[in-house]
There are 2 protein chains.
Amino acid sequence: MDVSADACCAPLVSQPLNEAETMELAPLFKALADPVRLRLLSLIASHEGGEACVCDLTVPFDLTAPTISHHLKVLKQAGLIESERRGTWVYYWINPEVLARMSALLGPATALTGSPA
Amino acid sequence: MDVSADACCAPLVSQPLNEAETMELAPLFKALADPVRLRLLSLIASHEGGEACVCDLTVPFDLTAPTISHHLKVLKQAGLIESERRGTWVYYWINPEVLARMSALLGPATALTGSPA
DNA sequence: TCTCTAATTTGACACCCATCTATGCAGCAG
DNA sequence: CTGCTGCATAGATGGGTGTCAAATTAGAGA
């Protein structure tokens with residue numbers, strides 16, 4: 001369900017990823033490998049209050065509601081966003097830890113923290 | 001051919017990406033949305049001398065040489081790696097700028113540089 | 001209860017993708 | 001030139017994916 005911390009922070013360039021790590025990380029990148037999902041994530045993350053209702057997210061696209069719902073589900077299953085229903089509307093917000101982990105993975109080999117013990 | 005600097009550094013969370021930006025960025029993430037390519041990139045990036053021969057890259061996988069060649073082509077077309085033939089062997093190395101741009105995109109809204117003027 | 005709206009789920013379809021085998025091309029050594 | 005090796009390309013195939021229309025669930029209100 002969640003991508004635990006074993007594939008956490010060591011940058012891609014500092015040491016070779018093993019097969020298990022890449023099999024955990026690849027779905028994260030796959031979730032972002034679509035223009036609509038990339039924009040959805042950005043819309044949610046930059047939305048006032050840090051969360052957005054689906055009704056806000058459907059408007060900017062020339063896509064049907066089911067399609068947006070599908071992309072939101074993909075992002076959620078990847079762990080990039082979370083959601084909650086409040087009355088009539090469903091709200092989505094991002095999981096900043098996952099984004100930070102991906103950023104660190106692609107980033108330069110800054111201050112390589114070897115795994116303790 | 002290249003992903004120019006117009007989708008450079010503004011983090012995903014600081015402002016909504018527009019459609020054009022996401023259509024440039026999505027192929028980058030798509031190139032990383034595969035365990036084999038993720039591992040290939042890491043193997044190349046962390047290899048001694050900053051470059052690796054295809055012969056080094058084929059060994060760690062239970063895949064045929066054409067498949068590895070295909071994945072390298074995908075990474076190259078995305079602009080993540082470059083290559084050169086030297087005699088019998090072909091060497092690959094990463095394009096650190098593209099990785100840095102992706103890292104910045106996913107990273108926190110550090111030192112948001114508003115557009116000048 | 002009935003109805004309206006918000007959002008998701010289902011099923012279908014066209015398209016894309018990872019992998020393989022077979023083939024082709026480039027360089028080195030006789 | 002001939003043969004061998006490293007690597008890429010071509011074609012085929014099984015599985016995955018983005019999209020939509022139609023149906024379904026969940027909540028608000030009369």
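Just so it is clear, the structure is predicted and the values come from calculations on it, not from any experiment. So you know, we letter chains A, B, ... as the sequences are listed, proteins then strands, and number each from 1.
When the C1' atom of C:dA26 is taken as reference, atom CD of B:E84 falls 15 Å away, rounded to whole Å. The CZ atom of B:F29 sits 20 Å away from the C1' atom of C:dC17 (whole-angstrom rounding). A straight line from CG of B:D34 to P of D:dT17 spans 11 Å, rounded to a whole angstrom. Residue A:R37 contributes atom CZ, which lies 12 Å from atom C1' of D:dT19 at whole-angstrom precision. A straight line from OH of B:Y91 to P of D:dG6 spans 12 Å, rounded to a whole angstrom. One atom, CG of B:L63, and another, P of C:dT19, lie 5 Å apart when rounded to the nearest Å. Rounded to whole Å, atom P of D:dG18 lies 18 Å from atom CG of A:D62.
Among the heavy atoms of the strands, none lies under 4.0 Å from B:K76. As judged by a 4.0 angstrom heavy-atom cut-off over every strand, A:R86 is placed among residues making no nucleic acid contact.
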Please list, for nucleotides 1-10 of chain C, all pairs of protein and nucleotide N/O atoms separated by less than 3.5 Å.
| residue | atom | partner | partner atom | Å |
| --- | --- | --- | --- | --- |
| C:dA7 | OP1 | A:C55 | N | 3.4 |
| C:dA7 | OP2 | A:C55 | N | 3.1 |
| C:dT8 | OP1 | A:Y92 | OH | 2.5 |
| C:dT8 | OP2 | A:S69 | OG | 2.8 |
| C:dT8 | O5' | A:S69 | OG | 3.0 |

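Counting only heavy atoms from C-beta outward, the side chains of A:E84 and A:W93 approach each other to under 4.5 Å.
Closest to the B:H71 side chain, of the nucleotides C:dA18, D:dG18, D:dA21, is C:dA18.
Side-chain atoms of A:T58 never come within 3.5 Å of backbone atoms of A:C55 as a donor-acceptor pair (strictly under, hydrogens ignored). A donor-acceptor contact shorter than 3.5 Å is absent between the side chain of A:S83 and the backbone of A:Y92.
Residue B:K30 places at least one side-chain N or O under 4.0 Å from the OP1 or OP2 atom of C:dC17.
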From CA spacing to verdict: side chain to side chain contact (heavy atoms under 4.5 Å, CB included), B:T22, A:V36 = CA-CA 7 Å; B:T22 57; A:V36 176; over 6 Å; no

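Between A:G87 and A:A33, the residue anchored nearer the 5' end of DNA chain D, judged by the nucleotide with its closest heavy atom, is A:A33.
Among the candidates A:I94, A:V98, A:N95, the single residue satisfying the side-chain contact (heavy atoms from CB on, under 4.5 Å) test with A:L80 is A:V98.
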Under 3.5 Å, which donor-acceptor pairs link side chains of residues 61-73 of chain B to any protein atom two or more places apart or in another chain?
| residue | atom | partner | partner atom | Å |
| --- | --- | --- | --- | --- |
| B:T64 | OG1 | B:T67 | OG1 | 3.2 |
| B:H71 | ND1 | B:R37 | NH1 | 3.1 |

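A salt bridge between B:E51 and B:R86 is present, with a side-chain N of the basic residue lying under 4.0 Å from a carboxylate O of the acidic one.
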